[in-house]
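The next block holds one structure in the form of structure tokens; read it before the comments.
In what follows, chains carry the letters A, B, and so on, assigned in the order in which the sequence lines appear, proteins first and then strands, with residues in each chain numbered from 1.
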Amino acid sequence: AQRVTQPEKLLSVFKGAPVELKCNYSYSGSPELFWYVQYSRQRLQLLLRHISRESIKGFTADLNKGETSFHLKKPFAQEEDSAMYYCAPSTGGGNKLTFGTGTQLKVEL
Amino acid sequence: DGGITQSPKYLFRKEGQNVTLSCEQNLNHDAMYWYRQDPGQGLRLIYYSQIVNDFQKGDIAEGYSVSREKKESFPLTVTSAQKNPTAFYLCASSLLQGYSNQPQHFGDGTRLSIL
């Protein structure tokens, strides 16, 4: 069965510090990976997808097939980055997603 | 913010009662999904539908039922067979385009509690 692991429930960093939210997956195939984010009192929304290879709000994520990881990174955390982040591989047909348990990022001043 | 509308926002169920959660989308999306969110467990897929009048079970379909009579609507019924229904329920929709997986768009959710 496909599994996705986000080892940190809570990650607390100071403003301006680098951020790395970890995601490891096990999936037999070529998954497509997404990061979703939920800001306070907002809907869960897409942050970025690995095939786009773009930076969104300063965040990037590289798919490492050897390590089966898709860590989310940002060089300098901002207060507005505080949110819940979910890693989600797409698991086969029907555009289905398997969500990790999420990491709550807290950026402190 | 339109797109996907879930109602009600809060719902209470008595023991032995079936309740139906509404999900409507005006994005002309092909696929719709229901997830259950419990503390510390992320989102788990209950049912999904790629086309009208067709749907498939997700990872935790037992005790739930759905219908897809219209493209824009995908109601979820929590039946009395679901022994632990207290949770936050999220509905989502997406386009289906070829082999590329399209982002899912989410509603605000419905919080279901047992009286």
Report task. Examine B:V52 and B:F74 and state if one hydrophobic cluster contains both, with Ile, Leu, Val, Met, Phe, Trp and Tyr joined whenever side-chain heavy atoms are less than 4.5 Å apart. Result -> no
Report task. Please state whether the side chain, the backbone, both or neither of B:Q37 comes within less than 4.5 Å of a heavy atom of chain A. Result -> side chain
Report task. Starting at CD of A:Q38, measure out to CG of B:L90 and round the result to the nearest 0.5 Å. Result -> 7.0 Å
Query raised in the report: Do you know which two heavy atoms are closest between A:R49 and B:Q102, and how far apart they sit?
Result: NH1-OE1, 4.3 Å
Query raised in the report: Do you know the tightest heavy-atom contact between A:K96 and B:L45?
Result: CD-CD2, 3.7 Å
Report task. For atom CD1 of B:I114, decide whether the heavy atoms of other residues, nucleotides or ligands shown that lie under 6.0 angstrom number more than 12. Result -> yes
Requested in this report: Could you tell me which non-hydrogen atom of A:R43 sits nearest to which non-hydrogen atom of B:F106, and how far apart they are?
Outcome: CD-O, 3.2 Å
Query raised in the report: Is the number of heavy atoms from other residues, nucleotides or ligands within 6.0 Å of NZ (A:K73) greater than 12?
Result: no
Query - ILVMFWY network linking B:Y33 to B:I60, side-chain heavy atoms under 4.5 angstrom - result: no
**Report entry** Pair B:Y35-A:L97, side-chain contact (heavy atoms from CB on, under 4.5 Å): steps then yes or no
**Finding:** CA-CA 10 Å; B:Y35 294 91; A:L97 294 172; 3.9 Å; yes
Query raised in the report: Around A:E80, counting heavy atoms of other residues, nucleotides and ligands shown, do more than 12 lie under 6.0 Å from its CD?
Result: yes
